[in-house]
Each structure stands twice: as structure tokens, then as C-alpha cells.
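Step one of this worksheet: look at the structure below.
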Amino acid sequence: MICGRFELDAERPWVMGILNVTPDSFSDGGRHMALSQALEAAHRMKEEGADIIDVGGESTRPGAQPVSPEEEADRVLPVLEALAPLQIPLSLDSRRPSVVRQALAVGIDLVNDVSGFQSEAMLALLPAIQQCRAMACVMHMQGEPQTMQSAPHYDDVVAEVSGFLEAQQSRLMATGLARDQILLDPGFGFGKTLAHNRALFRHLPALSRLGPVLVGVSRKRMLAELSQRPLDRPLSRLGGSLAAAVMAAAAGARVLRVHDVRETVDALRVWAGLK
Ligand code: HH2
């Protein structure tokens with residue numbers, strides 16, 4: 001399967017390693033702010049078996065303050081430039097058209113938009129995305145990060161989220177992207193309660209029949225709720241993250257967006273060897 005400048009094995013799920021170049025991300029904020037730290041983390045993730053590296057310059061955790069596009073670009077562009085020789089697909093986690101445009105010029109293989117390619121300005125970038133043969137990830141979010149967890153409400157979460165993803169998939173395909181180029185992501189934790197997340201997780205097999213699916217549950221609060229652990233310790237959610245990654249793979253997910261690359265790669269290899 002084509003992912004920008006690379007071809008990835010479509011026979012197994014891909015591991016997307018998270019590289020947050022932010023001071024305030026919920027589990028790894030402040031760890032990769034220096035260019036040298038970011039590069040070291042990316043090299044390590046590649047060695048550990050990551051298939052893609054997802055670079056983000058804005059935290060979208062519940063309650064996060066938005067950053068200006070200029071600030072975000074200053075954080076991510078030097079990292080993307082420095083990672084080019086690493087020879088691994090690079091994803092940009094951004095909902096700002098100006099940042100995405102500049103990153104496409106530097107060279108990225110996937111555009112991960114947590115606001116789901118809804119704005120005209122993001123849609124206007126699709127020809128440039130198409131030209132790079134890059135993938136586009138359409139994620140569902142209810143509301144905005146600052147307030148999304150205050151009282152999320154749906155009449156039918158599965159119908160609403162999958163309806164949104166299907167509509168956006170059709171919109172992107174109408175501009176020339178192939179079905180395989182568009183990753184669909186229910187957006188776990190983005191304006192969702194535990195009950196919503198559970199319903200969406202159970203719907204993954206059906207969603208995977210619509211197109212390739214990305215699942216991002218790594219270290220998220222829903223894992224602490226399910227494993228009955230303290231809600232303020234995201235670094236202690238490895239067991240829950242691995243269980244959810246394997247279950248998502250078994251449900252047909254194509255991409256697993258994770259913080260703990262080595263452990264996830266091992267868990268998926270064991271699952272593939274035993275299934
Ligand atoms: N989750 C986060 C960020 N980006 N992108 C996609 N496609 N799917 C996700 O589930 C997703 C995402 C939040 O996680 P993280 O990057 O670790 O935290 P923060 O937003 O605080 O930087």
C-alpha cells in the first residue's frame with residue numbers, strides 16, 4: 001500500500017510512533033522539545049519497529065490551549081526537515097492548513113487531521129496531498145479540545161461517527177483520492193465518554209470494511225477507567241494500551257498510533273504468530 005514516498009506491507013497492521021514536539025501533551029509533553037531529543041526519539045522508534053512517525057506540534061488533550069499556526073510550524077518543520085534522511089514515512093498531526101502546506105513542501109507522507117478535513121482550507125490541500133501520494137487521516141471529534149469532554153452527547157454515537165467518516169471519505173474520494181489513501185479514525189477520547197468509546201471500539205470490524213482504519217487509544221484515560229487505575233498517571237497505562245492495540249488489530253485496524261513502539265510491535269508480532 002502506498003504511503004507517500006514509501007510502500008508499506010498491507011498484510012499486517014502498521015505501528016505509528018507518536019512524536020509530540022509540545023510542552024503540554026498529556027503523556028509525553030516536554031520530552032522532545034529540543035531538536036536533538038526529537039531526533040533521538042525518532043531514531044529509537046524506527047529501530048524498535050515503527051512503520052510511520054507522527055509528528056505533532058499542538059496538544060489536543062482535553063482542556064489544551066490552542067497554539068498559533070506560526071508557533072506550531074516553528075515546532076514541527078525543523079523536526080520534519082531533520083527526519084527526512086531517516087527513510088521512514090512521516091506523518092504530520094495538524095489541523096492547521098498553513099502548517100500542513102509548509103510540511104508538504106518539506107516532505108511528508110501522511111496528513112493526520114484531527115478535525116477531519118472539514119474546512120475548505122484543508123480540502124484545498126487535497127491536490128497537493130494527492131501529488132505526493134500521501135495518505136490522509138480523517139478523524140472524528142465532537143467540539144474542540146478545550147471543551148470537548150465537558151458533556152459529550154450523541155443520540156447514536158456509532159451512527160453519527162461512522163456517518164461522518166463515510167461522508168468525509170466520499171468527499172475526499174470525489175477530489176481524486178483512492179479509498180486506500182484515506183484512513184478513518186473514530187477519534188477515541190475526542191468528545192466521547194467511556195460508553196461512547198466502547199461502542200465505537202466494538203464497531204471497528206464494520207468500520208474496517210469501509211476503508212483502512214487508524215486507532216489511537218495509547219495511554220488514554222479510557223484505559224485507566226477500564227483497568228480501574230488512577231486517572232492521573234498516563235505513563236502507567238502500558239498494559240491497557242497493549243491489550244487495546246492487539247484487540248484493535250484483531251478487529252481489522254490498519255494503523256495503531258502508539259507511544260510505546262517496541263512493546264506494541266512485540267505484542268502485535270506475538271498476536272500474528274499465534275492467531
Ligand atoms: N490522539 C491524539 C492526538 N492525535 N490523531 C489521530 N488520528 N487519532 C488519535 O486518536 C489522536 C491523534 C492525542 O494523543 P497524544 O498525541 O498523545 O496527546 P496530545 O494531544 O496531548 O499531544
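The structure presented is a predicted model; accordingly, all values stated were derived computationally and were not measured. When a ligand or atom number is given, it counts from 1 through the structure's own listing order.
Judged purely by atom type and a 3.5 angstrom limit, Arg179 uses its side chain to pair as donor or acceptor with the backbone of Leu210. Distance alone, capped at 3.5 Å, is enough to place a donor-acceptor pair between the Ser236 side chain and the Arg233 backbone. Side-chain atoms of Arg254 come within 3.5 Å of backbone atoms of Ala10 as a donor-acceptor pair (strictly under, hydrogens ignored). Within the 3.5 Å criterion, the main-chain N or O of Ala34 finds a donor-acceptor partner in the side chain of Gln37.
The proximity of Ser59 to ligand 1, defined as any non-hydrogen pair under 4.0 Å, involves the side chain as well as the backbone. Neither the backbone nor the side chain of Thr22 has a heavy atom within less than 4.0 Å of ligand 1. Under 4.0 Å from ligand 1, not a single heavy atom of Val217 appears.
Scanning the protein for heavy atoms near atom 22 (O) of ligand 1, the closest one is Ser25 OG, 2.4 Å. For atom 4 (N) of ligand 1, the closest non-hydrogen atom on the protein side is Asp93 OD2, 2.8 Å. Protein heavy atom in closest approach to atom 5 (N) of ligand 1: Asn112 ND2, 3.2 Å. When only non-hydrogen protein atoms are considered, atom 6 (C) of ligand 1 lies nearest to Asp185 OD2, 3.1 Å. Nearest protein neighbour of atom 20 (O) of ligand 1, counting heavy atoms only, is Thr60 N, 2.7 Å. Atom 16 (O) of ligand 1 has its closest protein heavy atom at Arg257 NH2, 2.9 Å.
Atom CD of Glu71 has more than 12 neighbouring heavy atoms from other residues, nucleotides or ligands inside a 6.0 Å radius.
For the residues Arg95, His259, Met139, Lys220, the heavy atom positioned nearest atom 10 (O) of ligand 1 is part of Lys220.
Scanning all heavy atoms of the two residues, the minimum distance from Ala245 to Thr264 falls at CB-CG2, 4.0 Å.
By the 4.0 Å N-to-carboxylate-O rule, Arg257 lies too far from Asp185 to be salt-bridged with it.
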